[in-house]
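These notes are about the structure you will find just below.
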Amino acid sequence: MRVLIEQSYEALSRKAAQIVQEQITAKPDSVLGLATGSTPLGLYAELIRLFKVGEIDFSKVVSYNLDEYFPIKKSNEQSYDFFMRKNFFDHVNISKKFIPDGEASNYSAECAAYEKKIADSEIDLQILGIGNNGHIGFNEPSNFFEEKTHYVQLDESTIQANARFFAHESDVPRHAITMGIGTIMRAKKILLLASGATKAEIIHELLNGKISPKNPSSVLKLHRDVTVIIDRDASLPFLFEERF
Ligand code: GLP
């Protein structure tokens with residue numbers, strides 16, 4: 001696992017955008033795995049800027065998002081479908097983009113169909129954020145690693161953390177569809193971003209703790225090409241001095 005510590009959130013976002021840009025330059029028809037949450041917002045803003053100045057072209061790129069609340073209308077401003085259109089898709093020329101369908105009538109069928117779509121393709125670069133409890137996508141702490149795209153009940157701590165985006169905590173959906181740990185681990189490269197002091201503890205746990213489904217992000221240590229970019233606030237400096 002390669003760990004890059006940037007001075008600020010802005011620098012983290014620029015570094016992440018540079019990695020995405022290099023990926024697309026090397027392979028214009030790259031398949032990207034995309035994430036939501038507040039962390040990748042700076043990355044998306046920087047990619048939009050690079051697109052507008054003609055330094056990146058998404059016309060052959062295909063993307064798959066990690067997850068979506070279930071059930072949720074695409075018109076709901078808190079749906080990840082809405083988030084991606086507002087913060088990225090509506091501003092670039094990305095050719096094909098896929099997100100689990102929060103409006104599907106049958107979540108099991110939707111999970112299977114989404115998993116198959118990704119398996120038929122191959123994700124070149126997967127972007128990840130991380131939950132305070134170590135979740136990646138919506139793979140919550142558990143007794144085992146769930147392999148494929150699945151329907152999940154959200155943790156109370158995730159509901160609390162995401163309540164800041166909703167008018168009332170009771171509005172936060174209690175379920176979601178998420179790529180599984182196996183789905184994520186099949187990506188050729190993984191880029192995990194974490195910013196801010198609230199992520200310092202889980203990042204320390206990720207880098208120094210054991211591999212366990214109690215911290216789903218820990219499985220990334222078994223992947224051969226993971227880059228973690230954090231800013232100073234997420235880095236518990238005194239602990240890093242011990243390690244590096
Ligand atoms: C959400 C998403 C994750 C994201 C995480 C962290 O629940 N499902 O993909 O990484 O929360 O979000 P944030 O970046 O806002 O801290």
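In listed order, ligands and their atoms are each counted from 1. What you are looking at is a predicted structure, and each value in this text was computed from that prediction instead of being measured.
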Residues forming a side chain to side chain donor-acceptor pair (under 3.5 Å) with D124, sequence neighbours excluded: K27, K188
Within the protein, flag every N or O under 3.5 Å from an N or O of ligand 1, and note the pair and distance.
from	atom 1	to	atom 2	distance (Å)
ligand 1	7 (O)	H135	NE2	3.2
ligand 1	7 (O)	N162	ND2	3.1
ligand 1	8 (N)	D67	OD2	2.8
ligand 1	8 (N)	G137	O	3.2
ligand 1	10 (O)	I130	N	3.3
ligand 1	11 (O)	H135	NE2	3.4
ligand 1	14 (O)	S38	N	3.3
ligand 1	14 (O)	T39	N	3.0
ligand 1	14 (O)	T39	OG1	2.4
ligand 1	15 (O)	S38	N	2.8
ligand 1	15 (O)	S38	OG	2.7
ligand 1	15 (O)	R164	NH2	2.9
ligand 1	16 (O)	K199	NZ	2.6

Lys/Arg-Asp/Glu bridge criterion (N-O < 4.0 Å) met for E115, R186: yes
pair L4-I230: side-chain heavy atoms closer than 4.5 Å: no
For Y151, the option from F138, Y69, Y107 that meets ring pair (Phe, Tyr, Trp, His ring centres under 6.0 Å): Y107
N-O pairing of R174 and E169 below 4.0 Å: yes
Carboxylate-amine/guanidinium contact K73 D81, below 4.0 Å: no
